[in-house]
Amino acid sequence: MKVAVLISGRGSNLLSLLEAAAVPGYPAEIVCVIANRPDAGGLNHAAAFGIAAQVVDHRSYADRTAFEAALTEALDGAGIDLICLAGFMRVLSGAFVRRWENRIVNIHPSLLPLFPGLDTHARALSAGVKLHGCSVHFVNETVDGGAIIGQAAVAVQTGDNAESLAARVLQAEHRLYPLCLRLLAEGRVRLDDGQARIDGAPEAGSALFSPDLSA
């Protein structure tokens with residue numbers, strides 16, 4: 001499976017995907033990295049792994065339609081099968097999502113459907129939840145609303161603040177995203193009535209749930 005990773009910043013999840021894809025036998029190949037910001041630190045990770053990288057700066061285009069047209073041209077040129085969003089901080093239009101339907105996935109720092117959008121860690125603490133975590137999901141026209149492929153749970157600890165909780169969730173993200181990409185590339189993920197099912201999962205037909213209560 002040929003994969004493009006879209007980033008906006010430091011690219012820590014990109015790095016976890018690059019490291020996984022570099023292991024012999026991993027079923028996905030990252031063929032390009034695209035950043036919408038020229039100062040995105042993740043571009044350095046792509047260079048270190050010899051992966052083609054380019055900048056499609058949203059500020060260089062008159063509107064979102066023009067930006068997404070340039071983005072699509074770059075993706076088509078790379079011949080990709082799947083788009084992984086990894087800290088890509090642009091909301092994609094419905095037209096773009098439909099163009100790549102069921103071929104875009106994202107990682108979000110909460111146990112969706114809880115806390116979609118921004119400031120997830122502070123909101124989780126404010127709500128008093130005992131478990132927080134991250135989710136890999138398909139992208140649809142609702143922000144953070146697509147079918148969930150996999151989740152990893154992190155226990156909220158006494159004395160946590162948003163920064164400490166975020167750091168542990170990020171560690172879980174770095175494990176979860178490569179695992180979910182592997183499942184996708186192996187053809188083990190299927191959509192059934194709007195839900196992602198994992199063939200061979202411990203609970204037959206269910207999406208993967210990977211708890212990490214010791215984190």
Side-chain angles (χ1 to χ4, degrees), residues 1-109 134-141 143-144 146 149-150 170 173-189:
M1 176 178 282
K2 296 185 182 298
V3 177
V5 183
L6 273 54
I7 63 171
S8 294
R10 61 185 176 178
S12 69
N13 272 306
L14 164 64
L15 180 58
S16 72
L17 293 173
L18 289 168
E19 290 173 342
V23 175
Y26 192 79
E29 176 188 6
I30 297 174
V31 297
C32 72
V33 173
I34 302 175
N36 70 304
R37 298 181 61 91
D39 59 350
L43 293 169
N44 296 324
H45 297 318
F49 279 79
I51 306 299
Q54 59 183 297
V55 176
V56 181
D57 190 342
H58 65 279
R59 295 167 295 187
S60 299
Y61 298 90
D63 54 30
R64 185 165 63 171
T65 298
F67 164 65
E68 291 182 347
L71 196 57
T72 293
E73 182 178 0
L75 294 166
D76 283 339
I80 63 101
D81 302 307
L82 183 78
I83 300 169
C84 286
L85 306 182
F88 185 69
M89 301 303 291
R90 303 295 298 174
V91 176
L92 297 167
S93 71
F96 185 93
V97 171
R98 289 190 296 273
R99 166 68 173 76
W100 299 96
E101 185 175 9
N102 300 332
R103 293 191 293 157
I104 313 177
V105 296
N106 182 45
I107 189 160
H108 180 74
C134 53
S135 307
V136 173
H137 64 94
F138 285 103
V139 174
N140 64 12
E141 294 182 51
V143 174
D144 300 324
I149 300 166
L170 188 61
E173 292 178 39
H174 293 166
R175 297 190 296 271
L176 181 67
Y177 214 171
L179 175 58
C180 289
L181 178 56
R182 172 183 285 277
L183 294 171
L184 287 159
E186 290 175 344
R188 294 176 57 193
V189 181

**Prompt:** I34 and F88: side-chain contact (heavy atoms from CB on, under 4.5 Å), yes or no, with the steps?
**Reply:** CA-CA 9 Å; I34 302 175; F88 185 69; over 6 Å; no
**Request:** Show the numbers, then the answer: is there a side-chain contact (heavy atoms from CB on, under 4.5 Å) between W100 and L92?
**Result:** CA-CA 11 Å; W100 299 96; L92 297 167; over 6 Å; no
**Request:** Quick one: do L75 and F96 satisfy side-chain contact (heavy atoms from CB on, under 4.5 Å)? Show the steps, please.
**Result:** CA-CA 12 Å; L75 294 166; F96 185 93; 3.9 Å; yes
**Request:** Go through the steps to decide whether L14 and F49 satisfy the test side-chain contact (heavy atoms from CB on, under 4.5 Å), and finish with yes or no.
**Result:** CA-CA 11 Å; L14 164 64; F49 279 79; over 6 Å; no
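Remark: R99 pairs with D76 by the salt bridge (Lys or Arg N to Asp or Glu O under 4.0 Å) rule, at least two apart or across chains. Partners of E73 according to the salt bridge (Lys or Arg N to Asp or Glu O under 4.0 Å) rule, which considers only residues two or more places apart in sequence or in another chain, do not exist here. Among residues two or more places apart in sequence or in another chain, the salt bridge (Lys or Arg N to Asp or Glu O under 4.0 Å) test is passed with D57 by R59. Every residue two or more places apart in sequence or in another chain that forms a salt bridge (Lys or Arg N to Asp or Glu O under 4.0 Å) with E186 is listed here: R182, R188.
A donor-acceptor pair under 3.5 Å is formed between the side chain of R64 and the backbone N or O of V91. Between the side chain of Q54 and the main chain of A74, no donor-acceptor pair closer than 3.5 Å is present.
Taken to the nearest 0.5 Å, the CD atom of E173 stands 9.5 Å off from the OG atom of S135. Here the CG-CD1 distance, from L18 to I51, works out to 6.0 Å after rounding to the nearest 0.5 Å. Distance CZ/F138 to CG/L82: 8.0 Å, rounded to 0.5 Å. Distance check: I107 CD1 to L181 CG gives 11.0 Å after rounding to the nearest 0.5 Å. Note that the CG atom of L85 and the OG atom of S8 stand 9.0 Å from one another [nearest 0.5 Å]. Atom CD1 of I30 is separated from atom CD1 of I80 by 12.0 Å, given to the nearest 0.5 angstrom.
Using bins of under 30°, 30° to 60° and over 60° for the plane-to-plane angle, the ring pair H58/F67 lands in the perpendicular bin.
For the pair S12 and H174, the minimum side-chain heavy-atom distance is below 4.5 Å. Residues H137 and N106 have side chains in contact (heavy-atom distance under 4.5 Å, counting atoms from C-beta outward). With a 4.5 Å cut-off on side-chain heavy atoms, L71 and L6 count as touching. A 4.5 Å side-chain heavy-atom check between V105 and C180 finds every atom pair outside the cut-off. The shortest distance between side-chain heavy atoms of I7 and N13 does not fall below 4.5 Å.
Applying the side chain to side chain donor-acceptor pair (under 3.5 Å) test to pairs two or more places apart or on separate chains, those with a residue in residues 19-34 are K2-E29.
What you find for C84 and V3 is that their closest heavy atoms are SG-CG1, 3.8 Å. For Y61 against A66, the heavy-atom pair with the smallest separation is CD2-O, 3.8 Å. In plain terms, the two heavy atoms of A21 and A28 that are nearest each other are CB-O, 3.7 Å.
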Distance-only donor-acceptor hits, side chain of residues 38-46, under 3.5 Å, sequence neighbours excluded:
unit_1, atom_1, unit_2, atom_2, d
D39, OD1, R37, NE, 3.3
H45, NE2, R10, O, 3.3

